[in-house]
Amino acid sequence: MTQDLENFLIDLSSNPDQRSRFAANPNSVLAESRLTDAERTAVASGNSEAVADALGSNGFALGLGVEIITPLRSPSRRKAPAKKKGPARKKTPTRKTPTRKKAPKRRPAKRTPAKRSPAKRSPAKRTPVKRAPVKRAPAKKTPRRSAPRKKR
Amino acid sequence: MKRGPKGAIGPGSLVVVGTGISLGVQTTPEATSAMQAAERLFYVVSDPAHAEWVRRTNPSAISLQDCYAEGKPRQRTYREMADRILESVRAGFKTCAAFYGHPGVFAQPSHAAIRRARAEGFSARMLPGISAEACLFADLGVNPGAGGCQSFEASDFLLSRRRFDPTSHLILWQIGMIGEPSVRPKMSSRPERVRVLTSALRRHYPARHRVTVYQAAQFPICDPDITRIPLETLDRHRLTPAMTLYVPPLPQRPQDQRIARWFLNE
């Protein structure tokens with residue numbers, strides 16, 4: 001009977017003398033009890049899971065922390081409306097393909113008008129190159145070489 | 001001033017307590033007296049013996065276990081639990097809610113009930129209890145003050161790609177229910193998901209790094225379940241929802257000499 005096991009466990013938990021008796025000689029305490037053989041085996045194993053099983057525990061309450069995961073499900077729900085928009089987006093792949101085509105077009109465009117591309121790139125490169133040394137120089141030389149700067 | 005339908009006196013109040021992990025021996029005297037003094041006592045515990053012990057502490061005890069159901073969304077279960085606790089408080093009863101372990105650790109309805117009760121102007125407080133983490137520190141001899149300690153729910157650890165320091169203690173909870181939205185009777189981890197966890201940990205620890213699969217003793221006559229295994233073999237073990245993974249730290253990283261010098265000065 002499960003109730004006998006409940007009573008047995010509660011008695012052990014609330015009665016330190018009984019607990020120390022059990023620790024010293026578990027078989028004699030079990031022999032005095034009304035437990036079934038299966039319950040005695042579970043208790044004698046000293047395994048919490050075996051005892052909980054003998055009690056008929058369903059283990060539902062063990063997952064109290066699951067709520068941590070639940071709010072993180074929301075992204076998958078957000079994906080669902082994206083599927084609804086699917087038919088509208090079916091057109092987009094056709095749009096995407098031209099965009100992909102545009103990309104390779106740009107590449108040859110850069111290659112063929114070789115004169116234009118260096119003209120555009122060169123000023124872009126020059127500006128950072130010029131600024132960079134100006135910034136670096138004062139950072140390194142401010143304490144020691146303030147005079148040479150004035151010369152420049 | 002009488003309020004409520006069943007003779008509840010004065011404004012309602014709420015105390016949330018923990019019963020500890022081990023049956024009947026880990027409830028603090030403060031929590032026990034709050035349970036005994038309550039006009040309405042609600043409880044969520046891990047097994048029928050624990051439930052019977054709570055009912056003996058206060059015969060008016062009402063289980064919230066019926067809020068659980070297989071396949072029922074946990075969020076709904078927790079909302080119902082908090083609703084029922086709040087109904088009692090609103091009715092003017094001196095209410096106590098007892099959760100196994102620590103009432104604020106891995107227990108969402110306890111926090112929700114307190115927040116809502118306070119928002120409605122009722123007195124509400126939480127008393128600390130003995131958590132599974134407290135049992136782990138005692139049983140495994142882990143001192144979180146030595147090198148620090150990081151604690152994550154296992155699913156959240158993977159899902160959110162949590163960053164951690166492998167030279168500190170690492171504790172991963174609920175390794176037996178990775179990616180599971182609810183608990184089923186007799187459930188255990190899916191090996192393929194444990195392998196995902198193992199590979200995430202292998203980025204930081206060697207394959208033979210000794211980890212501990214731990215479960216606190218649920219009854220005073222039981223021993224804690226402590227299994228030390230190499231990290232690479234974790235997926236070969238049956239892992240249940242109540243099990244916890246403890247990963248000991250790697251050797252400490254070099255100290256900051258500037259800070260170390262502080263300790264040399266008087």
Side-chain angles (χ1 to χ4, degrees), chain A residues 1-27 29-30 33 35 39-77, chain B residues 21-25 44-53 56 64-65 67-70 73-75 77-78 99-101 105-110 112 152-153 155-156 159-160 173-174 176-177 179-187 215-225 240-242:
Chain A
M1 292 291 286
T2 309
Q3 283 185 339
D4 287 333
L5 181 55
E6 287 174 10
N7 291 332
F8 178 80
L9 293 169
I10 291 168
D11 187 33
L12 277 174
S13 67
S14 56
N15 186 344
D17 293 337
Q18 184 75 343
R19 211 158 55 239
S20 55
R21 269 191 69 211
F22 183 86
N25 192 349
N27 289 333
V29 176
L30 285 170
S33 70
L35 302 182
E39 289 169 341
R40 284 176 188 174
T41 306
V43 171
S45 73
N47 181 284
S48 294
E49 194 182 351
V51 178
D53 284 348
L55 283 164
S57 176
N58 60 19
F60 277 142
L62 293 174
L64 275 172
V66 175
E67 83 278 358
I68 292 168
I69 304 159
T70 322
L72 294 170
R73 278 179 175 180
S74 53
S76 64
R77 287 175 187 170
Chain B
I21 301 295
S22 189
L23 170 65
V25 293
V44 181
V45 290
S46 52
D47 61 81
H50 224 121
E52 177 59 23
W53 177 84
R56 289 186 192 183
L64 295 174
Q65 191 79 11
C67 294
Y68 287 108
E70 197 170 343
R74 275 301 167 109
Q75 212 60 35
T77 299
Y78 300 148
F99 293 83
Y100 76 95
V105 177
F106 284 88
Q108 199 248 20
S110 55
F152 302 99
E153 201 278 339
S155 297
D156 175 64
L159 190 65
S160 303
W173 302 98
Q174 299 183 161
M177 47 187 303
E180 303 287 354
S182 62
V183 180
R184 299 179 306 276
K186 300 283 181 191
M187 76 183 292
Q215 184 176 348
Q218 208 172 320
F219 306 97
I221 49 148
C222 293
D223 300 315
D225 191 348
T240 59

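To find a chain, count down the sequence lines: A is the first, B the second, and so on, and within it residues start at 1. Heavy-atom basis, side chains included; hydrogens, waters and symmetry copies ignored.
- Scanning for salt bridge (charged side-chain N to carboxylate O under 4.0 Å, His left out) contacts around E49(A) gives R238(B), with sequence neighbours left out.
- Between W53(B) and I10(A) the shortest heavy-atom distance is N-CD1, 3.6 Å.
- Options D223(B), V25(B), L23(B) differ in how many heavy-atom pairs under 4.5 Å they form with chain A, and the most are formed by L23(B).
- Your options are S14(A), G46(A), P16(A), and the one with the most heavy-atom pairs under 4.5 Å with chain B is G46(A).
- Within the model, atoms CZ of F219(B) and CG of L5(A) stand 7.5 Å from one another, a figure rounded to the nearest 0.5 Å.
- By the side chain to side chain contact (heavy atoms under 4.5 Å, CB included) test, N25(A) is found to be paired with N27(A), S28(A), residues two or more places apart in sequence or in another chain being considered.
- Contacts between S22(B) and chain A at a heavy-atom distance below 4.5 Å are absent for every atom of the residue.
- Note on V51(A), L12(A), V43(A): by heavy-atom pairs under 4.5 Å with chain B, the leading option is V51(A).
- The NE2 atom of H50(B) sits 11.0 Å away from the CG atom of L9(A) when rounded to the nearest 0.5 Å.
- Summarising the geometry of S48(A) relative to Q218(B), their closest heavy-atom pair is OG-N, 2.8 Å, with the distance given to 0.1 Å.
- Only the backbone of A216(B) comes within contact range of chain A, with heavy atoms under 4.5 Å apart.
- Annotation: maximal heavy-atom pairing with chain B below 4.5 Å, among A50(A), S45(A), S13(A), occurs at S13(A).
- To the nearest 0.5 angstrom, Q18(A) atom CD is 11.0 Å from I221(B) atom CD1.
- The shortest heavy-atom contact between C222(B) and N47(A) is SG-C, 3.8 Å.
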